[in-house]
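Throughout, a chain's letter reflects where its sequence line sits, starting with A, and its residues are numbered from 1. Just so you know, these numbers use all the heavy atoms, side chains as well, and skip hydrogens, waters and symmetry mates.
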Amino acid sequence: MQYLSHLNPEQQRAVQHTGKPLLILAGAGSGKTRVITTKVAWLIRERGTDPRSILAVTFTNKAAREMAERARLIDERAGDAMIRTFHSFGAWFLRRNGNLAGLDSGFVIYDDDDVVSLLGVIMDDSPKAEVRETAYKISRAKDLFLSPGDPELVLVEPGKKFRNIYTLYEERLAKTGNVDFGDLIKKPVEIMRGHPETASRFRGRFRVIMVDEYQDANVAQFELLKELYSPENYLCVVGDDDQSIYRFRGAEVRNILEFPERFPGTEIIKLERNYRSTEQILRTASSVVDHNAGRLGKTLRAERGGGKLPVLAFLPDQDEEAAYCAILIANSVKAGAGKRASWQEDASKGSLKDASKEANPAAWSDWAVLYRTNAQSLSFETEFLRRGIPYRVVGSLKFYEREEIKDLLALLSFLANPRDEVAFRRMVNKPARGVGPVTVERIVEAGAFSAEAAADLAMSGDLSARAKAGLETFFSMIENARSLLVDGTAAEKTGKKRQAVKRTGLKAGEGLSALVVTLAEDSGIAAYHEEHDEIAGNQRVFNLQELANAASLYKPSAEGLLEFLEHIELDRSMEDNSKNSGDAVTLITFHNTKGLEFPRVIMTGLEQGVFPRDDKTGADLEEERRLFYVGATRAMDELYLTSCAVRRMFGRTMPSEPSLFLWEVDRKGLRIIGAAPCGFAGSTGGGYSGRYGRSAVSGGTGGISGGMGANRAGAGKPSSDGRWRTGDRVFHDDHGYGAVIAVREEEDGPVISVHFDTGAETRFLSRYQSRQYTKIGGDS
DNA sequence: TAGTTTTAAGTTTTT
DNA sequence: CTTAAAACTA
C-alpha cells in the first residue's frame, strides 16, 4: 500500500473508511481529489470491489476526466469505474430506461435557449424577458424536484399562472420527445420511484457511490442519491460549504449541512490541512469569508507557512488594469528567463519587485487572470494580443452561441429526432423557402414533420403552392441526409424537387463529418452564412467546418449522431481541442476556477457593482464572499487583487467604489499600491503612475511593444515621460501606425495632430483620447 | 413577407 | 459597445 504513504492521517482514514455513509469536509487545497481517486483505487485493490460497481459523480466534465485519469494512474482497473457528471449520468440512465417515462431513446437535450424558444410558443404574447424569467423558474422548479402539480411550487413562484405555463410546457416538451437539463436528474428519480424493480437493479449495480463538490448539489440531485442509496451500499460525499457558489443554479447548501441527519450513522472526517497556498494567501481568503454567518466551521491551516504579501493594486481604469496584468506577467516570465532589463529597476520599486526577484522561472501558464463576468475578458484579450502574451480563455461558450453553429446543430437535432419542434421552427424557413408563420403553425399543430405528412396536409388543407414547394424542399433535404445515416448512400430521391444549392467548399472528413457537411451544403445554410458574412470574410463557413471536423470523431450512424449531440450539449468547454496544449496565461471567471490551482493569480475588478454586484444582499452576498474565497484559494505562491477607479459599462465610463470585500479583507496582510481611496492604510499615494507608467512605455521590443500607461496615469495629468512631441511614432487601433506632426497647447491641454501611414490625419486631446493612441518606441 | 434599417435595451455566474 | 425588438421599405 505504497500509494497510501503519501497521505496524511486524516486522508488515510478517509480512504480506508467503509461501512456507514461518510461525509468528508475538505477545505480548499486539502487534497480531496487525491483522496477520492486514491479511494477508488484502494477499494479495487484492497477490498476487491468490482470497478464497474463504482459510481463517482462530479459537477464538471473536466473534474470527471481528471478524476478518472488520476485513479487510473494508481490502478489501471479504475478505468472501468463509472466517473461522470450528474447530468451525464442522468442522460446515460435515460437512454436506457427513458421508455419507462414514455421517452424514446433518441431524445436530444434542449439547452436554455431551446427552452426559451419552446416556451415562447406557449407564451406568444409575452415579452421575451418574461419568457426568459419563466424558463429560469421552470429550471429552478426542476432543481427543487417540483412538478407542475406540486403544492410546494409556490416556493418558486406563487402565482397560479406559472403553474399553468409549467404544465403546458411539460406537455409540449413531451410532444417533442426531448428533455431539458433539469429532466436529466428529475426523470431518473421519477422512474426509479415508479419502478422499484428498476431502482433495485441500479442499487445492485452501483455498490459504491461517491460525490465530489457535494456543496453544489441541488435538491433533485439529492433525491437521486437517495434513490441510488441503500444501507448495503457505500456512500461517500466530499464537499466544502465555504465553496458553495451555485445557489443561483439551485445548489442547496443544506444538502451538506444536513447530510448527517439525512443519512443516519454518517461519519464525518475533516481535511483541514491546506497544502496549496501560502499562509499569507490563506489569511487573505479567510478574512473575507469569515464575514459569513452560518458556516460549518473549519480551521484551515497552511502547511506551507509564510509567503509573500498579496498585493492590492488600485488602478485608474480597466485598460490600466489589463496593462498592469500584462506587465506583471511579462516581467515575471522575462525575469525568470534571465533577461533582466534595465527598465525593471524602476519597476522593482513598485509592484513588480517580487516578480523580478523570482528565482524560479515563471511560465505563462503559471498565471491566471480571474474576473467576475465573461464580458470582462475582452480588455485582457486585446491587451495581451497587442503585447504578444499568449493566453487561453477558459469556459467561453461563444462558439456554440454562434448563429451558424446553432443552425447546423438544429438541423442535426431534427435529423436525430423528427419531432423536434424547436429545431423545425428554427430551420424550416432558413434560408427562406416561402414557408411563413401560418404554414409553420399548421404543420406543428398537425405534427406533420415529414414529407408524407406534409403532403397529406397539403391535400386536405389549404397550404399555398409556395409553402408546399418549400416544405418539399426542406423535407427532401432532411430525408436525403437521413438516408446517409442508415446506409451511407444519399437517396437523391425525386431529384426534381431538389434545388441547386451553391457550394461553399466545406470538406468532409472521417465519420460523421460527411453527414454534417452534406447537411450544411444541401440545406443551403452554408451558402446562406457565406453570403451574410461579408464583413468577417469566411469566418462563419470556417466555423461550420470546425463543427464538421469535431463530428469526425463519431460514427456515421444514428447512435453516433446522438452521441455527438449529447456531447455538445453536456460539455461545451472545448477543452479537448488542440488549444489546450502550449504555454499560455489563463483567462477565466471566478466560477470556472473551482478545482483548479495556479502558482500566481490575479483577481481583477474588485469594485462595488462588479464584484460583488450591487443587487447582492443577504444569502446572495454570502455566496459572493465564497466566490472571493474560491478565487483566492486557487493561488499557490502569489496573489494580486486589482480595483479600478472608473469602469466602462455599456460604453460609458462610470466612477466605481472599491469592492466591499476590500474593506472586509485583512488589510494589514496586503501590500497596497496605487492611488488608494481614503481610509485604506498603507497607501503609497500616487506612486503608481510614474514608476509603472515608465516601465510600460520603454520596454518596446518583441512581445512587449508600446505602452500607454504614462499618458493616462494620474487624473488627466500626463507624467513628464508621457508628453507628446512632434515626430513621436504612434499606433492607433483603427488607423494603424503614424507620427505626431504637431502639438499645440490649448486651454483644455495639449492637442496632438497625427498623420498616419494610411494617409489619414487626426487630432486629439491628449488627456482624453490617449487610450486609442499608443506611443511606440522610446519616450526619453 | 422578407429583409433591411432604426431604435431601444441590457450584462452575472453554468451543467 | 453589443444585441434584441420594433419599424420600415421594396
Side-chain angles (χ1 to χ4, degrees), chain A residues 57-64 84-91 109-113 115-116 120 126-132 136 139-140 142-143 179-186 213 216-218 220-221 244-251 318 370-379 382 394-398 400-403 429-440 464 466-467 470 528 531-532 566-573 588-594 605 609-616 620-621 623-624 626-628 630-631 647-654 733:
Chain A
V57 282
T58 64
F59 280 85
T60 68
N61 296 286
K62 193 184 210 168
R84 288 174 177 254
T85 64
F86 261 112
H87 290 88
S88 151
F89 173 75
I109 303 160
Y110 275 151
D111 68 15
D112 290 350
D113 283 334
V115 169
V116 169
S126 302
K128 197 161 182 187
E130 197 185 320
V131 178
R132 281 190 183 284
Y136 177 77
S139 177
R140 290 295 73 74
K142 292 192 174 184
D143 289 343
V179 298
D180 58 24
F181 271 101
D183 287 340
L184 293 175
I185 310 297
K186 186 165 172 272
E213 307 281 12
D216 287 329
N218 61 36
Q221 285 157 342
S244 171
I245 55 174
Y246 285 109
R247 213 176 91 94
F248 70 93
R249 208 176 66 190
Q318 59 200 313
L370 278 49
Y371 38 79
R372 182 64 177 79
T373 67
N374 277 308
Q376 286 166 256
S377 75
L378 206 70
S379 319
T382 35
V394 173
S396 164
L397 315 170
K398 277 185 290 188
Y400 293 104
E401 277 168 6
R402 293 177 164 280
E403 183 187 346
N429 200 33
K430 187 175 184 178
R433 299 185 180 93
V435 185
V438 180
T439 309
V440 171
S464 71
R466 220 170 135 203
Y528 173 90
E531 230 163 80
H532 287 75
E566 182 175 313
H567 179 261
I568 285 171
E569 282 307 327
L570 296 181
D571 185 6
R572 299 189 159 183
S573 62
I588 190 168
T589 63
F590 282 96
H591 281 87
N592 264 323
T593 60
K594 197 153 64 144
V610 177
F611 187 29
R613 281 176 63 92
D614 268 331
D615 52 353
K616 298 289 183 184
D620 288 336
L621 183 59
E623 178 144 310
E624 298 276 301
R626 294 193 289 266
L627 197 52
F628 180 99
V630 167
R647 183 164 290 271
R648 228 172 22 252
M649 264 172 156
F650 312 133
R652 283 272 143 249
T653 303
M654 303 285 284
D733 288 345

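Heavy atoms of A:Phe248 sit under 4.0 angstrom from at least one base atom. Counting any heavy atom pair closer than 4.0 Å across all strands shown, A:Tyr246 reaches sugar-phosphate atoms only and no base atom. At the heavy-atom level, A:Lys142 lies nowhere under 4.0 Å from the strands shown.
A straight line from NE2 of A:His591 to C1' of B:dT14 spans 8 Å, rounded to a whole angstrom. Between the C1' atom of B:dT14 and the CD atom of A:Glu569 lies a distance of 13 Å, rounded to the nearest Å. Rounded to an integer number of Å, the gap from CZ of A:Arg466 to C1' of B:dA2 is 9 Å. Separating the CZ atom of A:Phe590 from the P atom of B:dT14 is a distance of 12 Å, rounded to the nearest angstrom. For the pair A:Arg402 CZ and C:dT2 P, the interatomic distance rounds to 14 Å; values are reported in whole Å. Taking atom CG on A:Asp183 and atom P on B:dT15, their separation rounds to 18 Å, with Å as the unit. In this structure, A:Tyr136 atom OH and B:dT14 atom P are separated by 13 Å, rounded to whole Å. A:Arg132 places its CZ atom 11 Å from the C1' atom of C:dT3, with the value rounded to the nearest Å.
At the phosphate of B:dA2, OP1 or OP2 sits under 4.0 Å from a side-chain N or O atom of A:Asn429. A sub-4.0 Å separation between OP1 or OP2 of B:dT15 and a side-chain N or O of A:Asn61 is absent. Phosphate contact (OP1/OP2 of B:dT12, side-chain N/O of A:Asn374, threshold under 4.0 Å): absent. OP1 or OP2 of B:dT14 lies within a sub-4.0 Å distance of a side-chain N or O belonging to A:Thr589.
Set against B:dT13, B:dT15, C:dA4, the side chain of A:Lys128 has C:dA4 as its closest nucleotide.
The main-chain N or O of A:Pro127 is never found under 3.5 Å from a side-chain atom of A:Glu130 such that the two would form a donor-acceptor pair. Side-chain atoms of A:Asp180 never come within 3.5 Å of backbone atoms of A:Val115 as a donor-acceptor pair (strictly under, hydrogens ignored). Looking at A:Gln221, its side chain never comes within 3.5 Å of a backbone N or O of A:Phe86 through a donor-acceptor pair.
Nearest-nucleotide assignment on DNA chain B puts the 5′-proximal partner with A:Val438, out of A:Arg613 and A:Val438. Toward the 5' end of DNA chain B, the nearer of the two residues A:Leu570 and A:Gly436, judged by each one's closest nucleotide, is A:Gly436.
Between A:His591 and A:Tyr246, the ring planes are tilted. Angles from 30° to 60° get that label.
Separation of the P atoms belonging to B:dT12 and C:dA5 is 15 Å when rounded to the nearest angstrom.
For A:Phe59 and A:His87, the gap between ring centers reaches or exceeds 6.0 Å.
For A:Lys62 against B:dT15, a side-chain-to-base donor-acceptor contact under 3.5 Å is absent.
In this structure, A:Arg613 is not positioned above the aromatic face of A:Phe611 in the sense of NZ or CZ being under 6.0 Å from the six-membered ring centre and within 45° of the axis.
Taking a pair to require two hydrogen-bonding distances under 3.5 Å in either a Watson-Crick or a G-U wobble arrangement, B:dT12 remains unpaired. In this entry B:dT5 has C:dA6 as its Watson-Crick or G-U wobble partner, both defining distances falling under 3.5 Å.
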